[in-house]
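Working notes, beginning with the structure itself.
Here is how names work: the chains are called A, B, and so on, in the same order as the sequence lines, proteins then strands, and each is numbered from 1.
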Amino acid sequence: MTTTTVPSAFAPSARMLVLLRNALLPILLVAEVIFFTVAAPGFLSAANLANVVINSADLALLAAGVTLVVLLAGIDVSVGPMLGVVAWVGATLFVAGMPPPLVVVISVLLGGALGAINGGLVVGGRISPIITTLGTAAIFKTVLFILWDSTDVFAGPVVPALGPARAGGVPLVGLVVLAVFGVLAYVLRHRVFGRRLFAIGNDAEGARLLGVPVGRTSFAAYVLVGALVGVAALIYVGRVGVVQATAGNELTLPAIAAVVVGGTSILGGEGGVLRTLGGLAFIALLQNGVVLMGVPPLWNGVLVGAAVALAVAFDVLTRRTLDKRIGAKK
Amino acid sequence: MTTRSDVRPILSVSGLSKSFGATAAVTDVGFTLGAGERLAVLGENGAGKSTLIKIVAGVYPPDGGEMVLDGAPHRPASPGTALAGGVSVVYQEPSFFPRLSVLENLYVGREPRDRAGQVDWRRMRGRGEELFRRLDVPVELLTRRMDALSLAEQQLALIARAVDVEAKVLILDEPTSILTDAEVRRLFLIVQRLSEAGVGVLYITHRFEELEHVADRFIVLKDGRLAGDLPASEADHDRILEMMSGRPVNAAISRSPARPGRVMLETSGLTVPGAVSDVDLTVRGGEVVGLYGLVGAGRTELALTVFGVLRPSAGTMRVDGEPHTPRGPRDAMARGIAYLPEDRKTLGIFPGMDTLSNITAVKLPELLGRLGVIRRAEERELATSWIDRLRIKAPSPAFPVTGLSGGHQQKTLFARQLATEPKILILDEPTRGIDVATKTDIQQRLVEVARDGTAVLVVSSDLPELLAVSDRVYVMREGRMAAELSGDDLTEDAVLRATMGVHR
Amino acid sequence: MTTGALPRRSLRDRVSDRRVFLAVLVVALGALMSLLSPYFLEVGNLLAMTQYGAVIGLLALGQSLVILGGRGGIDLSVGSALSLSGIVMGLLAQNLGLSPWLAALVTVAFGALLGSVNGFMVARLGLPPLIVTLSTLFLYGALAQVLTHGGQLGGFGREGFAALGQSAILGVPAQVLLVLAPMFALAIWAQNRTALGRRLHQIGTSDRAAALAGIDVNKLRFRLYCASGALAALGAVVTNAWLLTARPSAGTGMELQAITIAVLGGIHIFGGRGHLSGVLLALAVVVVLSWGLQLAQVGNSVQTGILGLVLVGAALLNNLIGRRASG
Amino acid sequence: ACSTVGGPAGQSAAPDTGGGEGPKVAFVSQVEGVPYFSAFKEGAEKTAQSLGMSYTQAGPSTADATEQLRIFNSLVQQGYDAIAVSPLDPRSMNPAIAAARRKGIVVITSDADAPDSERQVFVQQASDAALGATVMDEIAKAMGGTGEYGIVSGAADTQTFNSWVAEARKRQESTYPALELVGGVRYTTDTAQALKEAQDLMTAYPDLKAIIAVPSTAVPGVAQAVQNAGKAGKVAVSGFGSPRTARTYVESGVMTSTVLWDVPNLGVLTVWAMKQLLDGKEFAAKNTVPGLKDPVEYSAATTTLVMGPPMVFTKANIAQYDY
Ligand SMILES: Nc1ncnc2c1ncn2[C@@H]1O[C@H](COP(=O)(O)OP(=O)(O)OP(=O)(O)O)[C@@H](O)[C@H]1O
Ligand SMILES: Nc1ncnc2c1ncn2[C@@H]1O[C@H](COP(=O)(O)OP(=O)(O)OP(=O)(O)O)[C@@H](O)[C@H]1O
Ligand SMILES: [Mg+2]
Ligand SMILES: [Mg+2]
């Protein structure tokens with residue numbers, strides 16, 4: 001069998017192009033950092049970067065979870081309200097004097113259980129992920145409202161690693177986030193569970209034909225999202241110090257934004273958590289830099305919206321051009 | 001060739017039945033497949049072949065019946081358990097993972113692992129390369145994304161995946177419908193080797209000429225029931241045809257001599273980067289022109305360029321004498337060109353929609369009243385007439401197209417193009433998956449359409465078909481026009497020589 | 001027009017049709033609500049209730065069109081587009097002193113323009129709709145704030161414009177009778193009877209096949225986003241006539257409500273499947289539910305959760321019925 | 001647990017249109033459930049009971065003007081005799097208020113006003129000017145009269161917050177010229193965002209000496225940011241938080257003070273005002289209200305009842321207030 005490829009005399013090797021394709025997001029990030037270093041005083045200080053890390057740590061874990069289900073060609077728009085519920089329970093137990101390790105365990109279990117509700121409805125009830133999680137998001141909001149009962153819960157960090165604490169200027173939550181992303185990246189690439197997520201996200205029916213346990217794997221992914229939300233909830237408590245009626249609601253859209261800006265395909269089966277981390281860093285640094293630049297507050301949204309659109313346009317369009325040259329005709 | 005009478009049965013089924021609502025797809029079917037035996041499954045479109053093998057593969061639970069696999073009862077709860085039990089399948093509608101690499105596609109669900117349970121990428125890669133080398137498929141393909149492959153390449157990858165599984169039973173559902181001779185022959189070799197190793201092979205095909213190469217025995221299905229079970233040596237085409245349709249069928253088409261008219265389509269120096277270089281071609285009204293070549297020769301791209309999907313980088317096209325520079329399919333259609341794509345799953349059908357609107361999709365502008373309102377009675381009439389004419393097996397025009405068998409989906413698309421009464425008709429693998437009797441019908445219709453003045457260009461990997469319908473044949477090789485054959489020069493041998501680049 | 005010899009739809013098909021289910025749900029909820037509150041069934045009240053569906057209904061309609069168009073189509077920017085269009089109308093009516101009627105016309109065109117930005121990026125550049133409309137969600141929302149410095153605008157109470165949002169004709173609120181109902185009627189008619197509707201489904205189920213069938217896929221998809229923007233702007237016009245104020249946060253959060261109504265109505269999230277009449281029924285479900293609960297003095301936050309339960313429960317029941325009926 | 005279903009048990013479940021036990025009155029808050037409005041409800045409910053009326057309170061789940069209008073209309077529909085409302089958006093409430101008045105319902109505003117509407121009276125907690133000035137005084141005192149300060153406000157289109165901010169800035173310009181507002185007014189929608197804005201303000205302006213947190217959602221966020229940054233005592237925080245929201249931070253010294261009014265008393269006054277109007281009584285220039293210590297002034301020109309000056313809650317007294 002013969003394939004026709006017409007080699008161009010001065011084309012860079014396909015390997016280089018592939019490399020470049022994957023380096024686009026890092027390049028954008030570097031450009032962003034350079035820009036703000038010049039334009040915004042105080043941006044590149046250790047203290048500021050640590051702040052950014054601390055303020056985005058809970059979001060990062062949510063985004064990691066959302067990545068898993070987006071890889072499955074699913075979605076979870078309930079992560080924000082879910083975080084609120086777990087945060088309330090965690091904070092309340094902690095304030096009531098429960099030993100911190102136990103609070104951590106219970107939060108993770110509770111998150112996992114809430115995730116299992118989503119997973120059960122999606123897998124067992126065969127409801128599409130978007131309907132399921134739109135519905136449970138609304139339910140979680142109400143649950144938190146009822147639990148909260150007009151009383152804010154004030155609580156400090158449950159354990160230092162889940163609060164704003166730093167060791168030698170390095171925020172401890174940053175390490176937690178890195179560890180979680182590292183493990184997830186490893187799982188996605190090197191464990192069968194991870195490979196199954198990709199296969200299902202590409203074609204669930206096809207995966208089923210090849211003996212991939214589609215239901216079980218999908219269910220596990222939603223549970224895992226919940227467990228990550230459980231950890232994120234405690235980070236939220238440690239950071240914000242108070243749980244109110246709408247805690248966490250604001251985090252859903254940014255979490256999804258981080259995933260898509262990172263370049264994980266919303267169609268499923270393509271992307272990964274490290275890309276999400278890049279996307280998150282891009283957005284978080286952008287929001288921070290814009291404030292430090294002294295942009296009038298109301299203009300923030302304009303700049304952030306425009307920058308995200310431009311960045312994605314650049315990323316997608318360049319990648320597409322490169323793909324063509326690599327020979328991935330479509 | 002192995003003999004069969006003495007071998008132990010590896011798969012035996014009896015009394016299998018399966019209905020979809022009111023449609024009885026498979027009724028009371030039984031047969032036995034011996035270890036190392038190659039069994040062909042024949043039947044008209046919609047006879048229940050795919051349904052039968054899907055029951056064996058665990059996709060559908062049977063409504064009734066028994067299966068025994070290698071001495072043990074076979075009641076697969078899912079395709080996964082069937083696969084684990086040793087049933088490996090290449091389905092008729094290719095199912096793969098578009099955004100994964102070919103290598104990953106090969107090992108989904110059975111990734112090689114190291115002792116720590118990690119996916120062993122190096123071993124995977126090694127095994128993939130070895131597999132492709134063994135099957136004579138270019139190893140470079142392994143790193144490409146699956147959706148970047150041509151349909152035929154995808155099919156090869158899927159076959160590779162199926163044969164790599166250590167299976168007891170290998171099932172191939174029309175694997176050759178878009179492969180050309182060379183690939184087909186390689187596939188036969190693989191099948192033969194596996195059968196020698198004791199694997200039972202179930203092989204579905206509409207190409208009778210393949211029978212002697214791939215089958216020791218064949219069964220025939222008619223309307224879901226078993227209509228015959230014979231050794232391959234007794235394969236007599238007329239008799240098989242009669243078993244399939246229950247009536248005598250004329251397998252040959254009648255072809256009056258062509259009276260070529262004006263040049264309707266002309267390309268000169270046409271070049272599409274990476275696919276087509278410097279191609280000259282003419283098609284006249286009233287003639288059928290065939291286009292042959294190996295997979296990847298650039299035939300599809302040439303057709304897509306004429307149809308306005310691909311943009312040429314050099315060269316010119318003329319339609320009916322006027323320059324033709326389409327900016328998209330709409331322009332091409334406005335010039336009276338119709339194109340039937342080869343990949344019906346992604347380029348052809350509208351999967352969520354009914355058979356009716358799938359048939360009238362292109363014709364729609366002519367069925368509109370004021371304000372763009374569809375004249376529904378007229379539309380239904382049109383669709384029904386085509387359903388009748390091509391004998392599309394659909395319970396009603398409103399039946400979802402994805403509920404039709406593969407061959408009938410293909411007929412639906414065929415109807416879509418014919419309904420437009422084009423001046424230039426380009427068909428890419430038109431009879432893909434269509435049963436013999438209907439195929440003859442369609443071929444006959446093609447010739448008639450041409451004799452009525454239409455310029456017909458047929459891209460087909462089915463050489464006998466191409467020779468049967470074509471007045472002239474072009475052969476493409478690596479993007480270039482390798483030969484133009486007509487009259488007495490148009491022989492199977494000449495076409496194959498041009499294809500391989502062998503000169504007399 | 002004759003219907004030809006199409007066999008009647010089987011009972012199974014009818015029962016598993018989302019619309020039949022939703023219609024039953026509306027009636028059942030109505031009965032339940034009239035038990036919860038004696039005020040629910042008063043005729044004037046029933047008709048007046050529909051006014052709360054007008055604005056969100058317009059957004060849900062636009063949303064449904066975009067989702068039906070396929071290829072991951074979604075419009076997260078509808079809420080922000082509503083806010084921004086409302087503000088622009090305020091600037092025209094208050095600062096420029098334009099007639100509110102004229103301002104409304106300009107505003108709808110402006111909304112189409114906002115939609116065309118999405119449409120351009122999605123259809124021409126091929127960027128993912130989710131991310132495109134997420135950026136414009138931020139962008140339009142923020143622009144609305146910038147244009148007013150956070151304040152509010154008025155100037156709509158002139159030339160009888162308020163009647164559009166505040167009067168009733170035969171007991172039916174004008175915004176429903178004159179805006180929502182015609183829009184849905186037009187859309188449902190177009191979906192079922194015209195080539196446009198057919199093409200919408202074709203690009204939604206397979207845009208590559210649609211392109212080969214001669215449909216200008218990009219243009220059509222571009223127009224869907226424009227339509228969504230224009231409908232959002234129409235929502236702003238209604239809001240302004242109704243509340244007489246344009247607030248930069250008027251549409252905040254409405255995108256999720258619009259999506260909820262669309263999917264509850266049976267619009268398949270991957271495109272090409274679903275009926276706009278189902279969306280109308282879903283809108284009725286939401287309006288009946290929230291107004292009934294309001295009259296029963298169930299708190300707003302609790303209503304949110306009940307709506308969530310209905311969304312999930314409806315999908316679950318619908319699946320169950322469908323599965324039972326088909327096997 | 002639902003705070004919006006008010007009234008004696010059994011009455012709201014099956015409301016009788018015949019009206020057996022005295023008039024039904026209601027209050028529509030800006031959002032439901034927040035401690036602030038819960039405190040309001042506490043005073044209002046008590047008073048309604050003592051005056052022989054049934055009381056209901058409801059509000060939207062987020063500060064959404066359309067939702068508020070819907071709630072208001074549903075109360076009208078249910079035949080309430082008097083309704084008080086704290087409009088999120090005055091203008092959009094006007095027509096609804098007019099319609100309610102036409103039905104013979106007593107309608108007043110409380111907590112926030114709709115000045116151009118047909119409401120019969122506005123019950124004001126304290127004047128915006130007094131509130132703005134008080135919080136500015138608190139901040140200036142903590143800063144020692146000079147330096148940079150920031151403002152973290154709520155949603156950009158909330159009228160009340162904007163006028164407090166405007167009044168505070170007016171006070172600063174006239175009385176504390178050595179103070180400088182940096183970073184503009186930061187608009188936020190929730191606690192977490194307020195936290196981030198405050199943190200970024202401190203990074204962008206390292207010499208920042210104080211932050212005013214305007215809405216009660218921003219109060220814990222800003223305080224937490226200062227605490228996280230380890231700048232308690234270096235960056236002063238004050239704002240308009242209810243004592244319960246601010247208490248942790250006031251007691252730990254992160255916040256110098258919080259400024260508000262006696263919220264339960266506002267509820268008392270509101271219900272009393274509705275009762276007066278239902279009884280067809282006029283307001284005097286100075287009114288003695290049962291349950292309130294000080295007499296309440298009435299301005300006939302603006303048809304406004306003003307409860308009194310704002311209250312400042314500090315470490316010394318904050319523990320006494322539970323709302
Ligand atoms: N999922 C389904 N739903 C409804 N009907 C179906 C379904 N699958 C198959 N059928 C029907 O069952 C019958 C047998 O179909 P099947 O696909 O087995 O035919 P086939 O022999 O493989 O035909 P072909 O040669 O065209 O591939 C057809 O009438 C078809 O319409
Ligand atoms: N713009 C396009 N739109 C749709 N399909 C395309 C487009 N460009 C290329 N293709 C696909 O590319 C493939 C080209 O296949 P290939 O390179 O094998 O050409 P070919 O010589 O026609 O092969 P074959 O011999 O199988 O017909 C086809 O499967 C076709 O579907
Ligand atoms: Mg078949
Ligand atoms: Mg081809």
Side-chain angles (χ1 to χ4, degrees), chain A residues 73 75 77-78 81 117 121 124-146 148 245-246 249 252-254 256-257 259-261 263 265-267 279 296-313 315-317 320 330, chain C residues 71-72 74 76-77 80 117 121 125-150 208 248 253 255-257 259-260 263-264 268-270 299-316 318-320 322-323:
Chain A
I75 187 97
V77 297
S78 74
I117 296 178
L121 288 169
R126 297 199 203 168
I127 308 177
S128 80
I130 178 82
I131 299 192
T132 300
T133 56
L134 272 173
T136 53
I139 296 168
F140 294 154
K141 277 183 200 168
T142 298
V143 168
L144 175 59
F145 181 82
I146 291 171
W148 168 74
T246 58
N249 287 358
T252 305
L253 274 186
I256 295 171
V259 175
V260 267
V261 169
S265 168
I266 202 77
L267 300 173
L298 289 175
W299 282 91
N300 285 1
V302 179
L303 290 185
V304 171
V308 168
L310 285 179
V312 171
D315 184 51
V316 171
L317 296 180
R320 193 175 305 153
K330 253 206 157 173
Chain C
R71 245 207 57 194
I74 196 152
L76 291 179
S77 73
S80 293
V117 174
M121 289 196 280
L125 301 184
L127 302 180
L130 191 78
I131 190 73
V132 165
T133 57
L134 190 66
S135 340
T136 47
L137 162 90
F138 288 122
L139 197 66
Y140 295 164
L143 273 175
Q145 301 277 3
V146 168
L147 284 178
T148 56
H149 308 287
R208 297 176 73 195
E255 59 280 345
L256 283 184
Q257 290 176 42
I259 295 171
T260 304
V263 288
L264 180 63
H268 200 289
I269 198 75
F270 286 126
N300 235 246
S301 301
V302 178
Q303 289 179 28
T304 311
I306 292 178
L307 183 59
L309 276 176
V310 168
L311 180 64
V312 172
L316 206 57
N318 203 223
N319 285 359
L320 261 160
R323 219 182 307 169

Quiz item: Does A/T142 reach the main-chain N or O of C/S301 with its side chain, forming a donor-acceptor pair under 3.5 Å?
Solution: yes
Quiz item: Of the backbone (N, CA, C, O) and the side chain (C-beta and beyond), which part of A/L267 lies under 4.5 Å from a heavy atom of chain C, both, or neither?
Solution: neither
Practice problem: Against chain A, label C/L134 side chain, backbone, both or neither, depending on which of its atoms sit under 4.5 Å from a heavy atom there. | Solution: side chain
Self-check item: Closest-packed option against chain A by number of heavy-atom pairs under 4.5 Å, given C/V263, C/L130, C/L127
Solution: C/L127
Quiz item: What is the minimum heavy-atom distance between C/L316 and A/G125, and which atoms define it?
Solution: CD1-CA, 3.6 Å
Quiz item: Out of curiosity, C/L311 CG to A/T133 OG1, how far, rounded to the nearest 0.5 Å?
Solution: 9.5 Å
Self-check item: Contact summary for C/L143 and A/V302, nearest pair of heavy atoms
Solution: N-CG2, 3.7 Å
Quiz prompt | C/Y140 portion near chain A, given a 4.5 angstrom heavy-atom threshold | solution = neither
Self-check item: Heavy-atom closest pair, residues C/P128 and A/V316
Solution: CD-CG2, 4.1 Å
Quiz item: Which one of C/V132, C/L76, C/L139 has the most heavy-atom pairs closer than 4.5 Å to chain A?
Solution: C/L139
Exercise. Supply the atom-to-atom distance A/L253 CG to C/L137 CG, rounded to the nearest 0.5 angstrom.
Key: 6.0 Å
Exercise. Look at C/P129, C/G305, C/A314, C/G72 and state which one has the largest set of heavy-atom pairs under 4.5 Å with chain A.
Key: C/G305
Quiz prompt | Which atoms of A/L134 approach chain C - backbone, side chain, both or neither, heavy atom under 4.5 Å | solution = both
Quiz item: When rounded to the nearest 0.5 angstrom, what is the spacing between CE in C/M121 and CG in A/L310?
Solution: 8.5 Å
Quiz item: Among C/I306, C/V146, C/L264, C/T260, which residue forms the greatest number of heavy-atom pairs with chain A at distances under 4.5 Å?
Solution: C/V146
Practice problem: Could you tell me which portion of C/T136 (side chain, backbone, both or neither) has an atom closer than 4.5 angstrom to a non-hydrogen atom of chain A? | Solution: neither
Exercise. Provide the closest heavy-atom pair for C/S135 versus A/V308 in the form atom of the first, atom of the second, distance.
Key: OG-CG1, 3.9 Å
Quiz item: Any side-chain heavy-atom pair from A/I75 and C/I269 closer than 4.5 angstrom?
Solution: no
Practice problem: Over all heavy atoms of both residues, which pair between C/V312 and A/I131 is shortest? Give the atoms and the distance, please. | Solution: CG2-O, 4.3 Å
